[in-house]
Amino acid sequence: MAKVSMTVNGKAASGDVEGRTLLSAFLREELGLTGTHVGCDTSQCGACVVHVDGQAVKACTMLALEAEGSEVATIEGQANADGSLNTIQQAFQDHHGLQCGFCTPGMVMSAAALLKDNPKPSEGEIRDYLEGNLCRCTGYHNIVKAIMAASGQDVSSIAAE
Amino acid sequence: MLFGKDDKMYEFEFEKPSTVAEAVAALADEDAQALGGGQTLIPTLKQRLAMPSKLVSLTGIDGMKGVSGGDGMLSIGGATTHAEVAEAAADAYPALAALAGQIGDPAVRNRGTIGGSLANNDPAACYPAAALGSGATIMTNRREITADDYFRGLFETALEDGEIITAVRFPVPQKASYQKFLQPASRFALVGVFAAKYAAGVRVAVTGASEEGVFRWNEAEAALDADFTPEALDGLSVDAGSMMADLHGSKAYRAHLVGVMAKRAVAAAA
Ligand SMILES: Cc1cc2nc3c(=O)[nH]c(=O)nc-3n(C[C@H](O)[C@H](O)[C@H](O)COP(=O)(O)OP(=O)(O)OC[C@H]3O[C@@H](n4cnc5c(N)ncnc54)[C@H](O)[C@@H]3O)c2cc1C
Ligand code: FES
Ligand code: FES
């Protein structure tokens, strides 16, 4: 057992972990932040995407101890201070960017990482960026549309799918 | 505190040194293993295909990170992520930066490292094609290994136990391109060809295709030395008998793709 400390959604967080404890397990089981979903646990699906020091990573493929001293952001910290949905979350709701919602935390975290680096991505850039985020419900169109809308781009010409 | 779901991996100790010397010392223990970005090793441990007693993370070693260049060479620290290479090498060696920017997906690129990719030497990985196709030098804590001597077949390299890739030095070509035929499920290359034109000659390296792992296609290199055009490869083919076969592609299909991707690489070289 070793002690690990990090900042999660702006708050100090620490706990005792094993060498093998994954960041996803630390967030979910120690901190109770179960919004970070574990879909495949084989680094394929992206449901577990969180930000570590501002970069999107798969929390199921990073050891908790590797995040020592880092700033971690999860879906739980994405809403506005008053609890209302942030722009990306609201756009997912408005454009029907989710159905069962299982992939959504990872989709929102990936979208946030993309828009931070590329505030007005093209449709192709969005699809490229989401290569590691799998959704078995929506067929992706409305996710892409939501992200375009969240970036302030006109989506009226993109047909509803 | 117990984490039931992590029982899938055998327990190990974890160390995160900040210098190469400390990492080398930590790796001297029997069954200790280096951890780069973990994008290959963590899934392997989850499958219980390895049982290291200790993982020594290289991600805290600042001296092993970053891209620097000059005098026609580009040096990349062994713990530099794919995302960083995609960005920092874009001007100096665009074909290499483009290759790094096509590995897996953004989250994989934010963790995975060049040293981890070359140490792993997956037969469908991208960096081995760049290293062999550029005639790069693999720098370790012990020695320098030319790419021609480094790759030894599927998942096999010249690295010895406890040896760390500290940097990779790439001679910058006049022009080059990597063309990857995506295997969409794994996001690795079904077949990938790296072609680079140097004053000293053309190098063509092929990944994803051969049962022996990454290889140089000498016949294509000779033809391109004489005439660096896609047409120069007309009529040339690799021996299908030595190609890999799996549910994604037969031997003949892969052999055909090698020719197609090589032509595309020459056409796209910049
Ligand atoms: C979804 C997904 C898609 C991917 N797609 C691609 C792709 O398209 N193309 C591609 O090439 N790769 C792909 N990869 C693999 C990815 O590039 C890995 O990052 C890489 O193969 C391993 O690098 P790592 O730093 O994560 O190493 P790790 O997983 O940490 O380690 C891998 C091996 O290398 C050893 N090692 C690590 N660093 C060093 C070092 N500096 N010196 C000596 N030994 C070291 C470790 O001990 C271990 O044996 C993909 C991976 C995933 C999960
Ligand atoms: S749970 Fe991490 S990638 Fe699927
Ligand atoms: S909404 Fe169900 S997996 Fe994406």
Side-chain angles (χ1 to χ4, degrees), chain A residues 1-4 15-31 38 40-70 106 109-111 113-114 117-118 125 127-134, chain B residues 1-16 18 32-33 35-48 50-60 79 81-84 86-87 101-112 116 182 184-188:
Chain A
M1 285 286 172
K3 189 173 158 76
V4 68
D16 290 322
V17 296
E18 294 185 314
R20 63 182 164 179
T21 304
L22 296 165
L23 180 58
S24 51
F26 178 72
L27 293 170
R28 291 175 54 84
E29 297 172 34
E30 174 84 18
L31 303 183
V38 177
C40 64
D41 218 2
T42 58
S43 322
Q44 301 294 320
C45 76
C48 65
V49 167
V50 301
H51 299 179
V52 175
D53 295 327
Q55 293 194 312
V57 304
K58 292 175 181 170
C60 79
T61 313
M62 178 167 179
L63 300 177
L65 286 167
E66 283 278 38
E68 170 68 33
S70 293
M109 297 311 289
S110 282
L114 168 65
D117 291 342
N118 184 357
E125 286 171 338
R127 289 186 187 275
D128 251 14
Y129 198 87
L130 295 182
E131 189 154 22
N133 289 86
L134 306 185
Chain B
M1 186 81 218
L2 275 177
F3 295 98
K5 287 194 72 183
D6 289 334
D7 291 355
K8 64 180 89 59
M9 288 192 271
Y10 296 110
E11 172 57 347
F12 45 77
E13 279 176 63
F14 176 82
E15 279 189 42
K16 192 166 178 176
S18 55
Q33 190 173 358
L35 175 67
Q39 301 303 292
T40 295
L41 185 52
I42 291 176
T44 307
L45 295 177
K46 286 181 182 177
Q47 293 177 58
R48 296 199 162 193
M51 196 170 73
S53 58
K54 173 166 54 170
L55 289 193
V56 180
S57 170
L58 306 176
T59 60
T81 63
H82 309 329
E84 199 178 334
E87 202 177 300
Q102 287 170 39
I103 293 176
D105 57 59
V108 167
R109 296 196 286 273
N110 282 337
R111 295 292 304 164
L182 188 72
S186 75
R187 299 193 277 282
F188 278 74

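Naming: A, B, ... by sequence-line order, numbering from 1 per chain. Small disclaimer: the values here were computed from a predicted structure and weren't measured.
Residue with the most contacts toward chain A among T59(B), I42(B), V108(B): I42(B) (heavy-atom pairs, distance under 4.5 Å). Comparing Q55(A), Q44(A), E68(A) by how many heavy-atom pairs each has under 4.5 Å with chain B, the most go to Q55(A). For the set L130(A), L134(A), D128(A), L65(A), the count of heavy-atom pairs under 4.5 angstrom toward chain B peaks at L65(A). If you tally non-hydrogen atom pairs under 4.5 Å between each of A107(B), G104(B), G37(B) and chain A, the highest count goes to A107(B).
Residues M9(B) and L22(A) are in side-chain contact: their nearest non-hydrogen atoms beyond the backbone lie under 4.5 Å apart. At a threshold of 4.5 Å between non-hydrogen side-chain atoms, the residues R20(A) and L45(B) do not count as touching.
In this structure, chain B has heavy atoms under 4.5 Å from both the backbone and the side chain of E66(A).
L23(A) CG to L63(A) CG: the interatomic distance, rounded to the nearest 0.5 Å, is 9.0 Å.
Taking the ring axis of Y10(B) as reference, the NZ or CZ atom of R48(B) stays within 45° of it and closer than 6.0 Å to the ring centre.
Atom CD of E87(B) has 12 or fewer heavy atoms from other residues, nucleotides or ligands within 6.0 Å.
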